[in-house]
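Report on the following structure.
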Amino acid sequence: MNGYNHYKEKSIYSMSGPELLLLLFDEAIRRLKRAENSLKEKNYRDFDDCITRVSRIVRYLIDILDMSQPISWDLKRIYDYLIYDLSRVKAGRERRLDEIGRIRHILSELREGFDGASRKVNDMHIAKVVEVRG
């Protein structure tokens with residue numbers, strides 16, 4: 001493993017849960033942009049690879065949901081819809097750029113929501129009760 005890959009792997013292992021989640025969303029969004037460009041350039045092999053990777057990311061997002069939380073059921077429905085939509089886009093005649101943009105928009109909105117929620121949680125300060133002696 002070269003130095004850069006070792007550094008990259010080490011930095012990923014040192015990330016918090018919310019940071020990793022945002023990284024997944026960023027990668028999915030980046031892959032969708034690349035899929036759009038590949039489709040414009042008629043590079044169907046790269047297009048298929050990008051859509052497949054985004055589908056894997058969304059499936060992973062489903063796998064890591066904590067289904068004991070009520071919001072998880074709504075997120076699962078959104079993710080299931082995205083997987084369905086991605087499969088339609090990937091299918092032969094349904095390769096439309098506007099659909100990819102719409103999926104990317106949904107993922108961007110989810111990313112912003114998770115980013116805002118994690119910032120709100122991190123900004124909460126819990127005051128400790130300090131005993132004063134003296």
Side-chain angles (χ1 to χ4, degrees):
M1 177 182 295
N2 69 26
Y4 175 73
N5 286 339
H6 182 68
Y7 168 77
K8 194 166 128 180
E9 184 177 318
K10 193 173 181 178
S11 68
I12 288 173
Y13 286 127
S14 66
M15 290 180 162
S16 67
E19 289 172 326
L20 286 170
L21 186 62
L22 295 177
L23 184 69
L24 287 170
F25 279 109
D26 290 341
E27 181 64 17
I29 292 164
R30 188 177 69 78
R31 290 283 176 174
L32 286 171
K33 287 179 186 175
R34 185 169 160 185
E36 282 179 318
N37 291 333
S38 296
L39 189 56
K40 288 177 188 174
E41 296 169 0
K42 298 190 186 310
N43 182 352
Y44 298 119
R45 175 181 267 173
D46 190 52
F47 169 81
D48 287 340
D49 180 59
C50 289
I51 297 297
T52 299
R53 287 179 187 234
V54 173
S55 295
R56 286 182 186 159
I57 290 170
V58 174
R59 280 187 173 83
Y60 179 73
L61 291 171
I62 291 172
D63 289 343
I64 63 172
L65 284 172
D66 178 2
M67 298 311 286
S68 66
Q69 301 298 320
I71 187 87
S72 295
W73 291 101
D74 294 328
L75 287 170
K76 184 180 181 318
R77 288 180 35 210
I78 293 169
Y79 294 151
D80 285 340
Y81 170 75
L82 290 174
I83 288 172
Y84 168 76
D85 228 14
L86 285 164
S87 66
R88 278 190 40 229
V89 166
K90 191 174 178 181
R93 295 187 182 150
E94 294 294 325
R95 294 181 171 167
R96 298 189 326 210
L97 288 173
D98 58 331
E99 293 293 317
I100 297 171
R102 193 173 51 71
I103 295 168
R104 195 177 75 233
H105 176 73
I106 293 169
L107 285 172
S108 296
E109 291 290 319
L110 287 169
R111 187 215 183 275
E112 287 179 30
F114 279 111
D115 187 31
S118 70
R119 287 176 195 257
K120 189 171 186 175
V121 168
N122 287 336
D123 286 344
M124 293 175 66
H125 299 289
I126 301 172
K128 289 184 184 179
V129 177
V130 178
E131 183 178 318
V132 179
R133 293 184 181 178

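From a predicted model like this one, the values you see are computed outputs, not experimental measurements.
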- Message: Assess the residue pair R102 and I106 against the criterion (side-chain contact (heavy atoms from CB on, under 4.5 Å)); give the C-alpha distance rounded to whole Å, side-chain angles, the decisive distance to 0.1 Å, and a yes or no.
- Response: CA-CA 6 Å; R102 193 173 51 71; I106 293 169; 3.9 Å; yes
State, yes or no, whether a side-chain contact exists between Q69 and L75 at a heavy-atom distance under 4.5 Å.
-> no
Open item on the list: Less than 4.5 Å apart, side chain to side chain, heavy atoms only: is that true for I51 and L32?
Closed with: yes
Rounding to 0.5 Å, atoms CG (N43) and SG (C50) come to a distance of 8.5 Å
Could you go through the salt bridge (Lys or Arg N to Asp or Glu O under 4.0 Å) check for D80 and K76 one step at a time? CA-CA 6 Å; D80 285 340; K76 184 180 181 318; 2.9 Å; yes
Do I71 and I78 sit in the same hydrophobic cluster, where Ile, Leu, Val, Met, Phe, Trp and Tyr count as joined when their side-chain heavy atoms come under 4.5 Å apart?
yes
If we only count heavy atoms from C-beta on, is the W73 to L65 side-chain gap below 4.5 Å? no
Distance col, row R111:CZ vs I29:CD1, nearest 0.5 angstrom, shows 6.5 Å
d(D115 CG, L110 CG) to nearest 0.5 Å is 12.5 Å
When every non-hydrogen atom of A35 is compared with those of F47, the smallest separation belongs to O-CD1, 3.4 Å
Output for pair (L24 CG, Y60 OH), nearest 0.5 Å, gives 6.5 Å
Contacts of D46 meeting salt bridge (Lys or Arg N to Asp or Glu O under 4.0 Å) (sequence neighbours excluded), chain-then-number -> R34
### Task
Using distance alone, with no hydrogens and no angle criterion, decide if K90 and T52 have a side-chain donor and acceptor under 3.5 Å apart.
yes
dist L86:CG -> Y79:OH (nearest 0.5 Å) comes out at 13.0 Å
task = Kindly indicate whether the side chain of I62, heavy atoms from C-beta on, has any atom under 4.5 Å from the side chain of I83.
result = yes
Checking E27, R31, R30 against R53 for side chain to side chain contact (heavy atoms under 4.5 Å, CB included), the one that qualifies is R31
- Mind checking whether L21 and L61 have side chains closer than 4.5 Å, heavy atoms only? yes
Taken to the nearest 0.5 Å, the spacing of D85 CG from S55 OG works out to 10.5 Å
Could you tell me whether the side chain of L23 reaches within less than 4.5 Å of the side chain of E19, counting heavy atoms only?
-> no
Q | Whether S72 side chain and D66 backbone form a donor-acceptor pair below 3.5 Å | A | yes
